[in-house]
Amino acid sequence: MSESTVNVTVKLFAVYQEAYRVPELKLQFPVGATLVDVCDRLIAEHPNLEQWRKITRFGINLQFVKPGTVLQNEDEIVLIPPVSGG
């Protein structure tokens with residue numbers, strides 16, 4: 001890993017998993033990147049996910065966090081859109 005990047009694992013659920021057809025992604029971001037940058041990247045790759053941007057919750061390492069949270073190397077990130085069912 002370069003000192004100017006961080007490596008993260010993004011766990012995908014619901015519509016995010018449906019869009020990517022995998023349960024997780026291994027991604028690299030510049031140091032200082034935030035969860036907003038993760039969301040922006042996923043939406044850039046799958047524009048149909050835009051509708052979920054404002055209602056997705058974020059977690060890092062099993063804790064809910066705000067979208068502006070800065071990524072750290074080896075973070076495990078989850079994007080959790082609303083789900084329904086029974």
(request) Could you check if a side-chain atom of P23 sits within less than 4.5 angstrom of a side-chain atom of F13, using non-hydrogen atoms only? (result) no
Value rounded to 0.5 Å, distance of [atom1] in [X] from [atom2] in [Y]:
X   : Y   : atom1 : atom2 : result
Q28 : S4  : CD    : OG    : 8.0 Å
K11 : I80 : NZ    : CD1   : 12.0 Å
Q72 : I77 : CD    : CD1   : 10.5 Å
E24 : T9  : CD    : OG1   : 5.5 Å
F29 : D40 : CZ    : CG    : 9.0 Å
L12 : L42 : CG    : CG    : 6.5 Å

(message) Name the residue from V10, L71, D37 that meets the side-chain contact (heavy atoms from CB on, under 4.5 Å) definition with L27.
(response) V10
(request) Pick out which of V8, D75, V38 makes a side-chain contact (heavy atoms from CB on, under 4.5 Å) with I60. (result) D75
Nearest non-hydrogen partners of [X] and [Y], listed with the distance:
X   : Y   : value
Y20 : R41 : OH-O, 4.3 Å
T34 : G68 : CG2-O, 3.4 Å
P81 : V15 : CG-CG2, 3.9 Å
L35 : V65 : CD1-CG2, 3.3 Å
A19 : H46 : O-CE1, 3.2 Å

(request) Report yes or no: do N61 and E76 form a side-chain donor-acceptor pair below 3.5 Å? (result) no
(request) Answer yes or no: does atom CG of L62 have more than 12 heavy-atom neighbours from other residues, nucleotides or ligands under 6.0 Å? (result) no
(request) Could you please spell out the steps behind the side chain to side chain contact (heavy atoms under 4.5 Å, CB included) verdict for T69 and F58? (result) CA-CA 9 Å; T69 302; F58 298 93; over 6 Å; no
(request) Using atom types as modelled and distance alone, determine if a side-chain donor or acceptor of N7 lies under 3.5 Å from a backbone N or O of N73. (result) no
(request) Apply side chain to side chain contact (heavy atoms under 4.5 Å, CB included) to the pair T56 and Y16, showing each step before the final yes or no. (result) CA-CA 10 Å; T56 294; Y16 292 100; 2.8 Å; yes
